[in-house]
Amino acid sequence: MGGENSKLAFRKCVFRLADQRSLPDTAEDAWSPFWLMPDSPHDVFSLVTPADIRRIRDTAQENFIKLMDKVFDRLLVLKASRDLAKNPTTTKQLLNCVRVLARLIPFVYEARSDGSTIEDIVLWTQRPRPGSGADYSLGKQLVSATIDLLFTSGFTVPQATVGEDTAVRYTIWENGVGQTSSLGSSKENVSNRIEVLRLLLVLCCKTMYVPPARSVAIANRALHTIAYNANKKMVLCLLCSLLNTSLKEHSQGWAIPYRNSTAINPADELTLHAMQALFIMLEYQTPETKGGQSSDAVSDATSAEESNANTPSMVLVTGTETGTQNLFRVFVSKLHRQQEFDYLIGNIMRLLEETMRSNLSILASVTKQPTRHVMPQEATILLWLLLENNSLFKEYVVDHNRSLRLFSVLLYFMLNGYTDPAQSGMVRTISHILHYLSEDGQFATRLMQPFDQSILPSQMRIVDASLTHADFMINTAFTLLCSSKPYLVPVYSNLLLLVRNVSPYLTQISQMTADKLLSLFDIISSPAFVISEPYHVRWLIYLIEVFDYVVHYRAIDNPHLMYSMVKARSCFVRLKAFDLDKAKSELAALREKKSKSDATRTIGSLGAKADAASVTPVPSLATLKPDDSSEGAASPALSDKARGKRPDPGPASTSDTREQATTSTAPKQASPGQFQPSTEWVFSWLPDLPLDPIIAVLDALSVHVDRISNDVQRSAELAHPTEPIPSESGKSNLEPDQSDTKPADQSDTKPADQTSTEPIATVDPTLAIIHWLSSNAMTQAMPDLEDSMPEIRPRLQGMSPALVVWFKSLLWSMVYSSGVKPFGIWKNTHVRLFVIKSSQ
């Protein structure tokens, strides 16, 4: 926009709409400045403030509605123009119409002070169209026009060729899925696509203004109009255009894959908006209605349109009833060509590996600048959506020669982001991906291959050259679980399910990995931990199933794991003898000690380190440290303080536990909101745990393990018998020299029990035990388990309502955050789907 005078004139037009009620259609001086005066999106978003829009909406609603109608009517006129590519003035006015609508629509969905909205009145109520007088629904017409703008000749796609008499060309923007060549779009086409996609996202943003509890039940009519009620050709072209644009590689030549600025260039901004639009289309499912049909479904495209050569292979699908399914999901599920799968997985891997290289570069380590341009979170979401909606693509990923590379890269992002709450969405998405892949037995089998740590930074590597991918997976799960981050609780379930699904195929787990797995079980199976939260029982069940599968199917293939289980036998026995009253007493005592400790720290009078070590808070996975190592026991070596924080590992109570039992024979009343376990709750899961066969196996093996330990020690003693050390007089110091006997009060008299013998050091029997556990002798020593053999069946991933709500919140929060800068599209609007936290 021009100088201050023109900006002031435009502001007066905005004020006029709120101050002067019921402006007529003919008052062009009130309406036309909105598409004539602004020169950029910044002008619209800075000069029309949220306070201005709310004032017009709430005090002069008829002017607000008329402004929407007038701007849209002007948009339709300009869209039909044949000289968009040649007339900059027409293009500017069309873009201003797009910008004004994008500015106003969020306040259509936003709840007013009384809780009501004007969405139905503005968008879905039939009323006369300005100029023509014919009844129309602004919402439907606006969605249709916005989609058309994405394919308008000379505006968002190149100018139509000579003889092509159409303003709207449904064609695919970039090469990739369904298209072998690019349109060769200009920078103006790219810039215009960004603005129209921004309007499309705004049109579909009603979900942001719905509370989470109702987000699944309330339909998004704009999204429904696109995904359910559109013709197939339009859906196919839009789907492939968004997908190919999302994965297009932007060559940087010899440039370093790093940017020291948070600014995003137009190509990356288009990629970001294309991904977000694709996500919300694929994610949306309309609430089920009676009969599963929508009353406002439109007819399919004609067969002549579908036979166009520039449409993807999925157009051959027949029998799809428009209006009953999300067509974006339907057509993604029909992808089947090898070259299309190669394109998808290759570019997703490229996006992830670009981020890895950028994170590990010297510049990134020095400046610590964020690298938003490669969008790893969007890449993982796209991968998850493709896996969920296309079973053939899942099979392709499992069979792909780079599947293990993908697995390693995903684990890297989990380890790199789990400490940052801002990356919790990506970490959880990856956990769902890995859980979904673990449902395939072939993928689980491939994880037994050696793991190459060279792609990882040094701080993530494990000093063990014999690691498999399964080893690194379990170590990663251990690291995340030990962090005890509240925002990672859903991730913990997925990680334990991942280990559980892979367990029937585990082979040659290392001793370090085995010890960590049993350390985890020691904590999760402790009585106080089991009853502290209701979902802890699910974690316990998943781990028990791991050991059950190993005992029945993979005992001889995992001698290190079997040895760790034998050493941790008391944990299984403790769980078998679970007593709710004792668990409650233990938990109450732990909570009381933790509250006293917190109070002590609050008043600033911390005791000595010895006192701090005796404090025992509620058992937590954080008591396990990722860098701990086990020394001949199931649990890793812990500091005195860490040991003090852990619950009693076995049935034999320590003096501290006995003291707790005497001073707190009855558990205190639980605080409001705390989980209160009952006897019925315990009996709903405890009898079903397959503990009997596990304990029977451990009992049988422990006899042989003890025997081997004794044999090794006896052999060491026989090979190196204890011999007395002769004295200087040549006599054995075991036979005192009577002639040299001195009075007892002399200083050089030696006590009779001070003999100089060299004891034999304890010999570590681990090698002998591992050798025996990996032999047929171990199999013969095991009891008959045929009657208790569990069926190898993975625990599947289901989209529960809570997961659907979380995923909606994740996607729309990403859309919201990307719109904060530079224009603040949704800033200062009353979003209800998620909470906006200030960065200050």
> Are Val499 and Tyr542 close enough, and set up right, to give a side-chain contact (heavy atoms from CB on, under 4.5 Å), and what steps lead you there?
Replying inline: CA-CA 8 Å; Val499 177; Tyr542 300 155; over 6 Å; no
>> Quick check for you: to the nearest 0.5 Å, what is the distance between His469 atom NE2 and Arg446 atom CZ?
In response: 9.0 Å
>> ring-ring contact (aromatic ring centres under 6.0 Å, His included) for Tyr535 and Tyr492? Distances and angles first, verdict last.
In response: CA-CA 11 Å; Tyr535 53 81; Tyr492 298 156; 9.1 Å; no
> Can you name the nearest heavy-atom pair linking Val831 to Met208, along with the distance?
Replying inline: CG1-O, 3.3 Å
> Is the backbone N or O of Asp557 less than 3.5 Å from a side-chain atom of Gln508, with the two atoms forming a donor-acceptor pair by type?
Replying inline: yes
> When you look at Leu480 and Thr476, which way does the side-chain contact (heavy atoms from CB on, under 4.5 Å) test go after all the steps?
Replying inline: CA-CA 6 Å; Leu480 268 69; Thr476 300; 4.1 Å; yes
> If we only count heavy atoms from C-beta on, is the Val397 to Phe443 side-chain gap below 4.5 Å?
Replying inline: no
>> Is the positively charged end of Lys576 above the ring of Phe572, judged by distance under 6.0 angstrom from the centroid and angle within 45° of the axis?
In response: no
> Taking Asn220 for the side chain and Tyr284 for the main chain, is one N or O donor matched with an acceptor at less than 3.5 Å?
Replying inline: no
> Just wondering, are more than 12 heavy atoms of other shown residues or ligands nearer than 6.0 Å to CZ in Arg214?
Replying inline: no
>> Looking at every non-hydrogen atom in both residues, tell me the closest pair between Phe478 and Ser519 and how far apart they are.
In response: CE1-CB, 4.3 Å
>> Could you check whether atom NZ of Lys394 has more than 12 heavy atoms from other residues, nucleotides or ligands sitting under 6.0 Å from it?
In response: yes
> Are Asp420 and Lys485 ion-paired here, with the side-chain N under 4.0 Å from a carboxylate O?
Replying inline: no
> Parallel, tilted or perpendicular: which fits the ring planes of Tyr553 and Tyr549, with parallel below 30° and perpendicular above 60°?
Replying inline: tilted
>> Could you report the tightest heavy-atom contact between Ser503 and Arg500, atom names first, then the distance?
In response: OG-O, 2.6 Å
> Would you say the side-chain atoms of Glu395 and Gln442 include a donor-acceptor pair closer than 3.5 Å?
Replying inline: no
> So, for Leu580 and Ser678, which heavy atoms are closest and what is the spacing to 0.1 Å?
Replying inline: CD2-C, 3.5 Å
> Among pairs that include at least one residue of residues 780-810, which meet ring-ring contact (aromatic ring centres under 6.0 Å, His included), considering only residues two or more places apart or in two chains?
Replying inline: Trp384-Phe807, His432-Trp806
> Which residue pairs satisfy the salt bridge (charged side-chain N to carboxylate O under 4.0 Å, His left out) criterion with at least one member in residues 793-812, sequence neighbours excluded?
Replying inline: Glu283-Lys808, Glu545-Arg795, Glu791-Arg793
> For the residue pair Ser215 and Leu833, what are the closest heavy atoms and their distance?
Replying inline: CB-CD1, 3.9 Å
> When you look at Asp471 and Thr468, which way does the side chain to side chain donor-acceptor pair (under 3.5 Å) test go after all the steps?
Replying inline: CA-CA 5 Å; Asp471 278 308; Thr468 65; 3.1 Å; yes
> In Å and rounded to the nearest 0.5 Å, what is the CG to CG distance from Leu447 to Leu437?
Replying inline: 9.0 Å
> Looking only at heavy atoms, which two atoms of Asn501 and Pro794 are closest? And how far apart?
Replying inline: OD1-CA, 3.5 Å
>> For Asp522 and Arg574: C-alpha separation, side-chain torsions, deciding distance, then whether salt bridge (charged side-chain N to carboxylate O under 4.0 Å, His left out) applies.
In response: CA-CA 10 Å; Asp522 185 15; Arg574 177 187 62 189; 3.4 Å; yes
>> Quick one, Lys206 with Ile218, criterion side-chain contact (heavy atoms from CB on, under 4.5 Å). Give me CA distance, side-chain angles, the key distance, then yes/no.
In response: CA-CA 10 Å; Lys206 175 186 176 178; Ile218 296 181; 3.6 Å; yes
>> Are more than 12 heavy atoms, taken from residues, nucleotides or ligands other than Tyr487, located less than 6.0 Å from that residue's OH atom?
In response: yes
> Which value, rounded to the nearest 0.5 Å, describes the distance between Leu701 atom CG and Met782 atom CE?
Replying inline: 6.0 Å
